[in-house]
Amino acid sequence: MKIEKNMKMERIKRGRIMFSLLLTVSLFFSGLSLGFADTDNIPKEETVYSTLFENGGVNEIFVVNGFSLSEDREIEDYGDYSAVRELTQKTKIYKEGDRLTIEGKKGKFHYEGTLKSKDLPWLIDIKYFLDGKERTVKELEGKSGHLKINLKTGKNPKVKGGFFESYTLQVMFTYDPEKTENVAGKGATFLNSGTKKQALFTVMPGKAGNITLSLDVKDFEMEGILINGIHMDMDFDVDIDSEMQEKIDELKDGVIELDDGVIELEDGIIEFKDGTEELRDGVFDLRKGIRDFDKGVGELSKGLKELNKNSESLVSGAGTIFLNTLTQVHSQLSEGGISLPPLTGSNYEAVLEGVISGARQAAIDAALKTVEDSIRSTITTSYGAFMTPEQIEVEVVSQMEAFRESPGYEALVSGVDAVLATDLAYQGMKASLTEAKTQLKGLDDFRKGVGEYTKGVSEIAKGAVKLEDGSFELKDGIYELYDGTIDLYDGAIELMDGIIEMADGTKEFREKTHNLEGDMKDMIKKRIDKMLGRNIKTSSFVSDKNKNTELVQFIIKTDEIKIPEIEMEKELEKKELTLFEKIKQLFMKMIKRG
């Protein structure tokens, strides 16, 4: 027990020696940076030193406060210290609660205070694993095997001031390369330091750290883990390299092309809207015409019924009736929008049959137009960026010629016939025209023989009824078509409004990307500032009553891991010492006596 107690005291003594060295260096550099003083507020610097237990818990915290005075004057400072002592001037420090009054002399002045608090801005947890099993520091001294050291850092919610959010931690492990192999650590930077090596890890502001250093050790010893907490205020010059600039230029060119394309699309949709408006007006006129046609068919049906009632009195005028009927049928069909040559006794059958065939061919042509539009759309979508409109039209014509020679054309015709077979308007028109042809033929036959008169008139009357029904159905179809064109026109208006809104958006997009390089630089700089915590003002770690603190830094250290001196002396007794080992042994004995 006595040996272990002495060893522990020796570690503490060596730790004090190390911190004294660190303090000397800190005071030297802080003296270089403090070159001014304000008559009302004296700038100060705080260097926070802390020793840790082996598990990362805080052992003690003491703070070196530094001032630079241009004249003799009183210094007022605050801190909840259990003890204070001056370091650089022989002067008095008066302590009343957390308020300290110091009779400062011109020049550099530093004093040390031991904080009552044991809270750092970071919670630190350290664990050691030898060959996969967790060990204490005592169990590691002089051991050999595969060692893993895991050090975790997180925010201490008890500490305010934004240190966790704005300070970078540099964690340094120093080890003997002659007693270690296969050293590895994710994110580590490995450095040479005299005869030792160092593994340096960095934990960025506002981030929890999880550091693991793995190494194969022999007769394990290691200096204390050193953790520096610093406020990094580096000035980054963000440049856009040539490759990135090329990509940015491509993006900007693409945005310009997009905006130009949307402008063209806007012009096109306006033309499309105008076209749908013309279509709407045309269908309106067609609706008016079919209404007149339906009225005429009704009158024709009524007249044929009268004729059927008075067939005997019309025998002598059968020829006249036949010719008048031809004229009336021609007129009614013309008024209904059906174009045909004058009907005669020799051509009416062929003409009416041609009208029916023409309607079928019109349906086939409409279907072919749909195919053509689909081919054009596909070519435009797939190759529009590489072909001119003229090349697209040539390709469309070529593919349509190939389609007409393919089995698909026959399938299309069959499909049209199948649709027409169920199309009431078409079937009604076809039936009506067929019946009209039959009626006219009946009148013709009636003219040739009185014996056929009754039958002919009856058939014509029946056909007129069917024609009237077909005309009614056709009228309903035209009305539905008109309603459809109204919806199409309204949709074109909405589409045009959407395209105009999109054009405004692409214009704004074009304007916003005009200075993309500068915007990117500003964004990257803001991101770096946030990452480094530049926007958080430095405040006193010791007390929020200290309002003029310009610099705070943290130096945190664990005890070293060292083979006990007794074991070292026994080991040295077993072999002949080199000159260096003898000098080292003498130096260690001097430290022990001191």
Side-chain angles (χ1 to χ4, degrees), residues 8-9 11-27 29-30 44-66 77-85 87 98 110-128 137 149-174 200-203 205 208-209 211 222-232 538-544 546 549 551-561:
K8 184 175 181 181
M9 293 300 295
R11 279 199 196 97
I12 294 174
K13 184 177 180 181
R14 286 197 296 267
R16 284 288 187 178
I17 292 172
M18 175 59 70
F19 270 122
S20 296
L21 291 174
L22 292 172
L23 176 59
T24 301
V25 174
S26 174
L27 294 179
F29 283 107
S30 64
K44 68 169 292 190
E45 295 182 349
E46 296 175 357
T47 304
V48 182
Y49 297 90
S50 177
T51 58
L52 303 180
F53 295 114
E54 64 178 63
N55 64 353
V58 177
N59 179 23
E60 64 176 346
I61 302 174
F62 55 96
V63 182
V64 175
N65 300 278
D77 200 30
Y78 293 87
D80 191 12
Y81 299 114
S82 61
V84 295
R85 67 186 180 98
L87 297 175
D98 65 343
H110 294 84
Y111 81 92
E112 175 189 293
T114 302
L115 286 177
K116 295 179 182 179
S117 170
K118 297 293 182 70
D119 287 316
L120 292 169
W122 302 271
L123 296 175
I124 302 173
D125 178 72
I126 307 173
K127 292 182 179 179
Y128 300 85
V137 167
I149 305 174
N150 180 244
L151 186 149
K152 294 181 179 179
T153 63
K155 182 177 181 179
N156 187 348
K158 297 180 181 180
V159 178
K160 299 179 181 179
F163 296 102
F164 178 82
E165 292 77 12
S166 62
Y167 271 57
T168 300
L169 289 184
Q170 293 179 330
V171 183
M172 183 178 293
F173 299 83
T174 302
L200 177 64
F201 296 83
T202 301
V203 180
I211 295 168
M222 187 178 75
E223 293 183 12
I225 302 171
L226 179 62
I227 304 173
N228 290 323
I230 57 176
H231 192 284
M232 297 182 68
T538 300
S539 61
S540 172
F541 172 71
V542 176
S543 173
D544 55 9
N546 298 323
T549 304
L551 175 66
V552 179
Q553 60 181 346
F554 296 83
I555 300 175
I556 306 165
K557 202 171 189 300
T558 67
D559 284 341
E560 65 179 352
I561 301 174

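Any value given below was found using the heavy atoms of this structure, including those in side chains, with hydrogens, waters and symmetry copies removed. Keep in mind that what you see is a predicted model, and the values were worked out from it rather than measured.
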Asks: What are the two closest heavy atoms between Leu123 and Pro157, and how far apart are they?
Replies: CD1-CD, 4.4 Å

Asks: Between CD of Glu223 and CD of Glu560, what distance do you get to the nearest 0.5 Å?
Replies: 7.5 Å

Asks: Where do Gly162 and Ser166 come nearest, in terms of heavy atoms and distance?
Replies: O-OG, 2.7 Å

Asks: Is the closest side-chain heavy-atom distance between Ile555 and Leu226 below 4.5 Å?
Replies: yes

Asks: Which atoms form the tightest heavy-atom contact between Glu46 and Val542, and what is the distance?
Replies: OE1-N, 3.5 Å

Asks: Is the closest side-chain heavy-atom distance between Tyr111 and Asp77 below 4.5 Å?
Replies: yes

Asks: Does the side chain of Thr558 come within less than 4.5 Å of Ile126's, by heavy atoms?
Replies: yes

Asks: Are the side chain of Gln170 and the backbone N or O of Thr202 linked by a donor-acceptor pair below 3.5 Å?
Replies: no

Asks: Apply the side chain to side chain contact (heavy atoms under 4.5 Å, CB included) test between Leu120 and each candidate in Asn156, Ile227, Ile61; give the one that qualifies.
Replies: Ile61

Asks: Taking the six-membered ring for Trp and the full ring for Phe, Tyr or His, determine whether the centres of Tyr81 and Phe62 are under 6.0 Å apart.
Replies: no

Asks: Any idea which heavy atoms bring Gly56 and Leu52 closest together, and the distance?
Replies: O-CD2, 3.7 Å

Asks: Please examine the side chains of Asp559 and Thr51, heavy atoms only from C-beta on, and report whether any two atoms are closer than 4.5 Å.
Replies: no

Asks: Is there side-chain contact between Val203 and Phe201, with heavy atoms separated by less than 4.5 Å?
Replies: no

Asks: Quick check for you: to the nearest 0.5 Å, what is the distance between Gln553 atom CD and Phe541 atom CZ?
Replies: 13.0 Å

Asks: To the nearest 0.5 angstrom, please state how far the CD1 atom of Ile556 sits from the OH atom of Tyr49.
Replies: 12.0 Å

Asks: Could you go step by step and tell me if Phe554 and Trp122 meet the ring-ring contact (aromatic ring centres under 6.0 Å, His included) rule?
Replies: CA-CA 11 Å; Phe554 296 83; Trp122 302 271; 5.1 Å; yes

Asks: Quick one: pull up CD1 in Ile149 and NZ in Lys127 and give me the separation to the nearest 0.5 Å.
Replies: 14.5 Å

Asks: Can you check whether Leu151 reaches Asp125 side chain to side chain, under 4.5 Å on heavy atoms?
Replies: no

Asks: Taking all non-hydrogen atoms of both residues into account, name the closest pair between Gly113 and Val84 and its distance.
Replies: CA-CG1, 4.0 Å

Asks: One thing to verify: whether Glu165 and Lys155 come together as a salt bridge, which I'm taking to mean a side-chain N less than 4.0 angstrom from a carboxylate O.
Replies: yes

Asks: Walk me through whether Asn65 and Lys44 qualify under side chain to side chain donor-acceptor pair (under 3.5 Å).
Replies: CA-CA 7 Å; Asn65 300 278; Lys44 68 169 292 190; 2.7 Å; yes

Asks: NZ of Lys557 to CE of Met172: how many Å apart, nearest 0.5 Å?
Replies: 11.0 Å

Asks: Is the closest side-chain heavy-atom distance between Ser50 and Glu60 below 4.5 Å?
Replies: no

Asks: Within the structure provided, determine whether Glu45 and Thr47 are in side-chain contact (heavy-atom separation under 4.5 Å).
Replies: no

Asks: Output yes when a side-chain donor or acceptor of Thr153 lies under 3.5 Å from a complementary backbone atom of Ile124, and no otherwise.
Replies: no

Asks: To the nearest 0.5 Å, tell me how far Phe163 CZ sits from Ser539 OG.
Replies: 4.0 Å

